[in-house]
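The basis for the numbers below is simple: all heavy atoms, side chains too, and nothing from hydrogens, waters or symmetry mates.
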Amino acid sequence: MNQGKDVYTLMRETHLPEALNVGESYGKLTWSVRGICEGYAGWFDMNPATMYEVPASAVYADITRLAGEARLKALTALRERCRNTNERGWLDYSIRLTYLRPHEASVH
């Protein structure tokens, strides 16, 4: 962060020393890196759509409905290669949410 790297670069470049690497069956190092960055830098993710109290789905219903179809394909592909129990749970939840409320799911 002090070198001006964005959160995604830090998530890709941060690795634990082998002695501390216990696997990621329960959590993910990248999630912790992101949490630390957000804790120090704040919540703003540089996406103007997240600055407002009204979700994008309330304003762009047609776009979010179409994006929900693409979201479902992406979530399903991620689920197929997932090896992490927490990640799998969140993917399953998001897939169910996309089926139930496609107009809301693409903004989560």
Side-chain angles (χ1 to χ4, degrees):
M1 289 177 65
N2 290 340
Q3 296 171 351
K5 294 182 180 182
D6 63 76
V7 67
Y8 300 105
T9 301
L10 293 170
M11 289 170 72
R12 282 190 310 272
E13 292 181 355
T14 302
H15 303 282
L16 290 174
E18 191 59 37
L20 298 177
N21 190 350
V22 296
E24 295 185 327
S25 62
Y26 185 73
K28 295 188 102 175
L29 177 64
T30 54
W31 298 345
S32 295
V33 170
R34 184 179 187 115
I36 291 167
C37 289
E38 288 181 3
Y40 280 99
W43 61 269
F44 184 55
D45 60 2
M46 301 180 78
N47 178 357
T50 63
M51 294 189 308
Y52 305 100
E53 65 278 2
V54 177
S57 64
V59 182
Y60 303 116
D62 291 337
I63 294 171
T64 57
R65 180 183 49 78
L66 294 172
E69 294 168 10
R71 175 184 168 88
L72 184 58
K73 289 178 184 176
L75 290 169
T76 302
L78 289 169
R79 174 62 172 88
E80 289 173 1
R81 63 186 181 122
C82 174
R83 301 288 180 263
N84 178 288
T85 56
N86 281 350
E87 181 181 12
R88 185 171 30 259
W90 282 111
L91 290 168
D92 286 342
Y93 170 77
S94 294
I95 289 168
R96 283 192 308 276
L97 185 64
T98 301
Y99 276 120
L100 296 175
R101 298 186 309 228
H103 65 286
E104 295 177 19
S106 62
V107 296
H108 292 291

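Put simply, CZ on Arg79 and OG on Ser94 are 12.0 Å apart, with the number rounded to the nearest 0.5 Å. Arg34 CZ to Lys28 NZ: the interatomic distance, rounded to the nearest 0.5 Å, is 13.0 Å. Summarising the geometry, atom CD belonging to Glu69 is positioned 9.0 Å from atom CG belonging to Leu72; distances are rounded to the nearest 0.5 Å. Between the NZ atom in Lys73 and the OG1 atom in Thr98 there is a gap of 13.0 Å [rounded to 0.5 Å]. Within the model, atoms CE of Met1 and CD1 of Ile36 stand 9.5 Å from one another, a figure rounded to the nearest 0.5 Å.
Of all heavy-atom pairs spanning Trp31 and Tyr26, the tightest one is CZ3-O, 4.5 Å. Counting all heavy atoms, side chain and backbone alike, Thr85 lies closest to Ser25 at OG1-O, 2.8 Å. Nearest heavy atoms, Leu29 versus Thr14: CD2-O, 3.4 Å.
Looking at residues two or more places apart in sequence or on another chain, you find a ring pair (Phe, Tyr, Trp, His ring centres under 6.0 Å) between Trp90 and Tyr93. With sequence neighbours excluded, the residues satisfying side chain to side chain donor-acceptor pair (under 3.5 Å) with Glu13 are Lys5.
Each of Asn86, Asn84, Leu91, Asp92 was evaluated against Arg88; a single residue qualifies, Asp92, per the side-chain contact (heavy atoms from CB on, under 4.5 Å) test.
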Worked check of side chain to side chain donor-acceptor pair (under 3.5 Å) between Arg12 and Thr9: CA-CA 5 Å; Arg12 282 190 310 272; Thr9 301; 3.3 Å; yes
